[in-house]
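Remarks on the structure that follows.
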Amino acid sequence: MYTKNKPLLKQLNLHIVFFVTLIAVMGVTSVTPAFPLVREVFGISTGKVGLLITMFTLPGVILSPVLGVLADRFGRKKILVPSLFLFALAGMMCGFTRDFGWLVFLRFVQGTGAAAIGALNITLIGDLYSGRERAAAMGYNASVLSIGTALYPAIGGLLATFAWYFPFFLPVLALPVGILVIISLDNPEPVNHQVLGAYLRAVLKSFTSKNVIGLFLLSCLTFIILYGSFLTYLPIHLFEQFNTPPYEIGIIISFASVSTAVMSTQMRWLVAKISYKWLLFLVNIVYILSILGIPLVESKWWMLLPSALFGAAQGVNIPALQTLLAGSAPLEYRAAFMSANGTVLRLGQTLGPVLMGMAFAVYGMNAAFFAGALIAVLMAFIVLFMISPKIGQKDKKDLTGR
């Protein structure tokens with residue numbers, strides 16, 4: 001593999017992937033603190049300012065699978081580098097515009113650049129590493145992602161205190177990352193001589209595996225819980241039940257990111273001790289306990305406990321799913337696999353608030369958490385009946401020789 005004779009965390013390739021990951025999660029979390037100012041400056045409604053998120057994420061739903069196919073056909077760098085540059089340039093132009101219509105359009109263009117970035121960073125880890133090294137790299141990357149999602153709102157909020165448009169200049173950092181990818185990323189590129197029709201048939205056939213279908217379902221359901229029960233209804237519950245101010249809500253939710261970051265670094269050790277199937281099963285037990293614990297907690301600061309448990313589950317579940325999906329496809333199809341997973345994740349992000357909102361509308365606040373727990377139960381059954389006990393074992397043998 002394309003790994004140097006250095007400890008994993010000292011390898012330049014992995015550092016470059018970390019930089020790409022930090023760019024991938026920058027597009028939303030860094031600018032949302034400026035939204036109240038955007039609303040005032042342009043004289044628009046709260047619903048209309050939400051277009052700055054919707055128009056940014058929409059291209060990814062449509063384009064992620066297409067860009068994944070292109071990355072398999074023409075190479076990772078040929079798709080990743082232009083995507084980083086487009087993300088940077090459109091983002092900077094957002095900072096210069098003073099017309100809301102142009103701002104929305106430029107966010108759509110920026111989202112087009114972002115569509116490939118969040119899938120190709122994971123694809124690169126799958127290409128560069130195997131076995132427990134791949135699991136460890138996925139874990140470290142998830143930790144970096146959690147740190148980014150925790151820090152960007154604070155950075156964006158600080159910049160917005162100077163002017164509403166300052167946070168929109170942050171994407172300029174994607175330019176040096178793109179140059180670094182060109183100059184220093186030493187990655188294997190797929191050599192795909194199949195005609196397009198044969199390639200697409202092979203990819204679609206790979207998608208029909210029971211393991212792969214199960215992994216995609218788990219990915220989608222994970223983000224339904226995250227964006228529904230946890231990110232949408234936990235803040236509302238904290239405010240209504242305990243009159244918790246926004247900054248304390250932020251602390252409680254950020255505690256999950258800290259827990260995610262810590263647990264993600266333990267993936268190499270965990271996969272050496274526990275099979276992937278039972279690791280995923282145990283993760284869903286933790287999801288169930290954490291989500292059911294939310295309506296039972298009687299103090300806002302005790303809410304740190306279910307938040308930490310939820311974050312710990314995320315810190316194991318997401319890198320495990322990413323590792324298994326990356327290992328389910330050969331180099332020639334891997335970008336298509338990971339891009340399809342990106343579309344599945346966005347579907348979960350979209351459905352989560354809607355489904356939990358329906359539960360809330362019919363049965364009240366607690367139903368949003370009970371519904372999340374039921375989805376975690378469903379995930380546990382998917383692990384039991386769709387995920388093979390042997391999944392991921394080949395990669396373990398590659399590294400351990402057992």
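A distance-only check finds a donor-acceptor pair linking the side chain of Ser229 to the backbone of Ala368 [under 3.5 Å]. Between the Thr265 side chain and the Val262 main chain, a donor and an acceptor come within less than 3.5 Å of each other. Looking at Ser64, its side chain does come within 3.5 Å of a backbone N or O of Ala115 through a donor-acceptor pair. Side-chain atoms of Gln110 never come within 3.5 Å of backbone atoms of Gly27 as a donor-acceptor pair (strictly under, hydrogens ignored). Distance alone, capped at 3.5 Å, is enough to place a donor-acceptor pair between the Thr112 side chain and the Phe108 backbone. In this structure, the side chain of Arg268 does not engage the main chain of Arg132 through any donor-acceptor pair within 3.5 Å. Lys277 places no side-chain N or O within donor-acceptor distance of the main-chain N or O of Lys390, the cut-off being under 3.5 Å. For the pair Lys77 (side chain) and Leu185 (backbone), a donor-acceptor distance under 3.5 Å is present. At least one donor-acceptor pair closer than 3.5 Å links the side chain of Arg134 to the backbone N or O of Tyr129. The backbone N or O of Leu280 lies less than 3.5 Å from a partner atom in the side chain of Asn284, making a donor-acceptor pair.
Comment: Arg334 does not engage Asp72 in a salt bridge, judged by the lack of any side-chain N to carboxylate O separation of less than 4.0 angstrom.
Of the inter-residue distances, the one linking Leu351 atom CG with Ile224 atom CD1 reads 5.0 Å to the nearest 0.5 angstrom. Note: Met267 CE to Asn141 CG = 12.0 Å, rounded to the nearest 0.5 Å.
With sequence neighbours excluded, the residues satisfying ring-ring contact (aromatic ring centres under 6.0 Å, His included) with Phe42 are Phe100, Trp164. Qualifying side-chain contact (heavy atoms from CB on, under 4.5 Å) partners for Ile147, counting only residues two or more places apart in sequence or in other chains: Ser143, Leu151, Ala261. In this structure Phe216 satisfies the ring-ring contact (aromatic ring centres under 6.0 Å, His included) test together with Phe207, sequence neighbours excluded. For Phe281, the ring-ring contact (aromatic ring centres under 6.0 Å, His included) test picks out Trp278, with sequence neighbours left out.
The side-chain hydrogen bond (donor to acceptor under 3.5 Å, both in side chains) pairs that include a residue from residues 289-302 are Glu248-Lys300, where partners are two or more places apart or lie in different chains.
With hydrogens and angles left out, the side-chain atoms of Asn211 and Ser328 include no donor and acceptor closer than 3.5 Å.
Aromatic rings from Phe369 and Tyr233 are positioned such that their centres are separated by 6.0 Å or more. Remark: aromatic rings of Phe96 and Tyr165 are distant, center separation not under 6.0 Å.
The two residues Ile23 and Tyr152 come nearest to each other via the heavy atoms N-OH, 4.4 Å. Closest non-hydrogen pair, Gly68 versus Ala335, comes out as O-CB, 3.3 Å.
For the side chain to side chain contact (heavy atoms under 4.5 Å, CB included) criterion with Phe310, the lone passing option out of Ile294, Ile225, Leu305 is Ile225.
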Identify each donor-acceptor pair in which a side-chain atom of residues 154-162 lies under 3.5 Å from a protein atom, sequence neighbours left out, and give them as a table.
{"unit_1": "Thr161", "atom_1": "OG1", "unit_2": "Leu158", "atom_2": "O", "d": "2.4"}

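Between Trp102 and Phe105, the two ring planes are perpendicular [angle over 60°; tilted spans 30° to 60°].
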